[in-house]
Trainee: 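I'd like to ask some things about the structure below.
Note that this is a predicted model, so its numbers are computed, not measured. Naming: A, B, ... by sequence-line order, numbering from 1 per chain.
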Amino acid sequence: MGKVTFIEHDQTEHVAEFKAGSSVMQIAVDSAIPGIDGDCGGECACGTCHVIVTNEWFSKTGTPGNEEEQMLSMTPERASTSRLGCQVVLTDEMDGMTVHLPEFQM
Amino acid sequence: MPTLPRTFDDIQSRLINATSRVVPMQRQIQGLKFLMSAKRKTFGPRRPMPEFVETPIPDVNTLALEDIDVSNPFLYRQGQWRAYFKRLRDEAPVHYQKNSPFGPFWSVTRFEDILFVDKSHDLFSAEPQIILGDPPEGLSVEMFIAMDPPKHDVQRSSVQGVVAPKNLKEMEGLIRSRTGDVLDSLPLDKPFNWVPAVSKELTGRMLATLLDFPYEERHKLVEWSDRMAGAASATGGEFADENAMFDDAADMARSFSRLWRDKEARRAAGEEPGFDLISLLQSNKETKDLINRPMEFIGNLTLLIVGGNDTTRNSMSGGLVAMNEFPREFEKLKAKPELIPNMVSEIIRWQTPLAYMRRIAKQDVELGGQTIKKGDRVVMWYASGNRDERKFDNPDQFIIDRKDARNHMSFGYGVHRCMGNRLAELQLRILWEEILKRFDNIEVVEEPERVQSNFVRGYSRLMVKLTPNS
């Protein structure tokens, strides 16, 4: 078990618990966190689970693959530590991680 | 190896680009019209423009699988599409029709298979067109919806700012006041056609704003779009006059060239550029000379016009049709207006205003036990995927609090996912918020008239009667 903090664009904070192996998108949707849509259900095909990982946690989340890069490149709010939540599979190492949400999921 | 017509289109595009600096764009297109007409007289047409005459469509269960042809442009109008696609999903989810009026093509009808094709742009190309048939010969315009990466990515990124958050926020107030104005002007004492009064009017105004197009001429945008998307050879639509389509393209070229030059001059004079589409194109180094590539210039403007026209318009009408077929949902909505955002997704799923997108296999691909050959046309039927029982419970029911309504495929998936999705949702959300403020009921008083097309699933006539809030 671990915890991830989601910070909405208006700075509202939400904490979601996770078991290792689930994705950042899944725990956000399961915990009804506003600002994560997950329209395609985790197929890396819609770009609506965009999160911006805080710098100190970014390297722990791995590197985005080609498909993910392509979807991220379509959002105007792309940042250097952007990830798609469905492609970040949580490990115990990520307990305590903080991610920011963009203003809009495109 | 490119096919012969494709090569001809390429040469034609290069020729037009090369002469665009000295010949006005509308003249070039008029020239093309005569060239094509002469070519048809000399060599005969590439494929004759089909003419579609409506006849009753047989019950799908009386047909052999191989005779099922879902390209019939009357399938939606006659209400037969559900049964046809259900049979394909159940018995032949990857189905080959070898001699449709549009040529042979594959139909992919299950949600999971469609998602796979849509995501796999390395296996399936969106070029040169995303509609089932061919555009009128000589009018093979280039648009990024029908381009593969990396060219697609460059062009799309140059215009997606028009629907970026900053713009959406600025637009919200404008959309709300216009929606209110239109709803307040509707007759309360007699039935009227909702399509021109509301759906067309609101989407036409939105398009004029996105393009910063002269407001009083906005009806032109709607007419161009209707005819482009309604070409018989492309989608089985009602428009079969190729000459009229060249005239439209020339008219568009004239209007947009003027708009482009005007903006260029104002910017040169020190005016701050706006957030409209043309200003954005001019601000991006990849597209600032787009006007010198006329087929691309017209193509991308057409894309934005068609993309923002039929889709939102028919979702605005379709929501009313859905509420009338499922009146308990309207009661549910009035009791819980906070369901509006989810209801908007459900309307877009239920209506699926564009039935499909087309791809061409770039190599042999095994799918659903079939071998799709390199070069074959593949149609991803979103309208069927959105009613796939394997994905959605009771898929034909309209349920405004459906849990997975957002998972619909009307926006497509992958790199071509709809760019205007948030704007569309915003327009629909505001429409319904403003409807609830004013009306206790909107009754559909006649059977709606549906358009002739295998692509656009829309309404030409929707007679309604309003009951104001007491």
Trainee: Between chain A and chain B, which donor-acceptor atom pairs come closer than 3.5 Å, counting both backbone and side-chain atoms?
Mentor:
from     : atom 1 : to       : atom 2 : distance (Å)
B/Lys119 : NZ     : A/Glu43  : O      : 2.6
B/His121 : NE2    : A/Gln70  : OE1    : 3.1
B/Asp153 : OD2    : A/Gln70  : NE2    : 3.0
B/Gln160 : NE2    : A/Met74  : O      : 2.8
B/Lys169 : NZ     : A/Glu103 : OE2    : 2.5
B/Arg406 : NE     : A/Asp39  : OD1    : 2.6
B/Arg406 : NH2    : A/Asp39  : OD1    : 3.2
B/Arg406 : NH2    : A/Asp39  : OD2    : 3.2
B/Asn407 : ND2    : A/Asp39  : O      : 2.6
B/Tyr413 : OH     : A/Asp39  : O      : 3.0
B/Gly414 : N      : A/Ala45  : O      : 2.6
B/Arg417 : NH2    : A/Asp39  : OD2    : 2.8
B/Arg422 : NE     : A/Gln105 : O      : 2.4
B/Arg422 : NH2    : A/Asp37  : OD2    : 3.0
B/Arg422 : NH2    : A/Gln105 : O      : 3.0

Trainee: If I compare all heavy atoms of B/Ile130 with all of B/Ile145, which pair ends up nearest, and what's the gap?
Mentor: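 The answer is CG2-O, 3.5 Å.
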Trainee: Quick one: does any side-chain atom of B/Arg89 pair with a main-chain N or O of B/Arg387 as donor and acceptor, under 3.5 Å?
Mentor: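 Looks like yes, one N/O pair under 3.5 Å.
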Trainee: Mind checking what makes salt bridge (charged side-chain N to carboxylate O under 4.0 Å, His left out) contact with B/Arg457, not counting sequence neighbours?
Mentor: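 By the salt bridge (charged side-chain N to carboxylate O under 4.0 Å, His left out) rule, B/Arg457 matches no residue at all.
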Trainee: Listed by chain and number, what are the ring-ring contact (aromatic ring centres under 6.0 Å, His included) partners of B/Tyr356, not counting sequence neighbours?
Mentor: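 By the ring-ring contact (aromatic ring centres under 6.0 Å, His included) rule, B/Tyr356 matches B/Trp381, B/Phe455.
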Trainee: Heavy-atom pairs under 4.5 Å with chain B - which of A/Ala45, A/Pro76, A/Cys40, A/Gly41 has more of them than the others?
Mentor: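 Between A/Ala45, A/Pro76, A/Cys40, A/Gly41, the count favours A/Ala45.
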Trainee: Of the backbone (N, CA, C, O) and the side chain (C-beta and beyond), which part of A/Met106 lies under 4.5 Å from a heavy atom of chain B, both, or neither?
Mentor: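 Contact with chain B: backbone and side chain both.
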Trainee: Specify the closest pair of heavy atoms between A/Ile33 and A/Ala16, including all atoms of both residues, with the distance to one decimal.
Mentor: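 What the structure gives for the nearest pair is CD1-CB, 3.8 Å.
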Trainee: Minimum heavy-atom separation for B/Asp276 and B/Thr209, please, with both atom names.
Mentor: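 Here B/Asp276 and B/Thr209 meet closest at CB-O, 4.3 Å.
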Trainee: Using ring-ring contact (aromatic ring centres under 6.0 Å, His included) as the criterion, list what pairs up with B/Phe392, not counting sequence neighbours.
Mentor: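 Applying ring-ring contact (aromatic ring centres under 6.0 Å, His included) to B/Phe392 gives B/Phe111.
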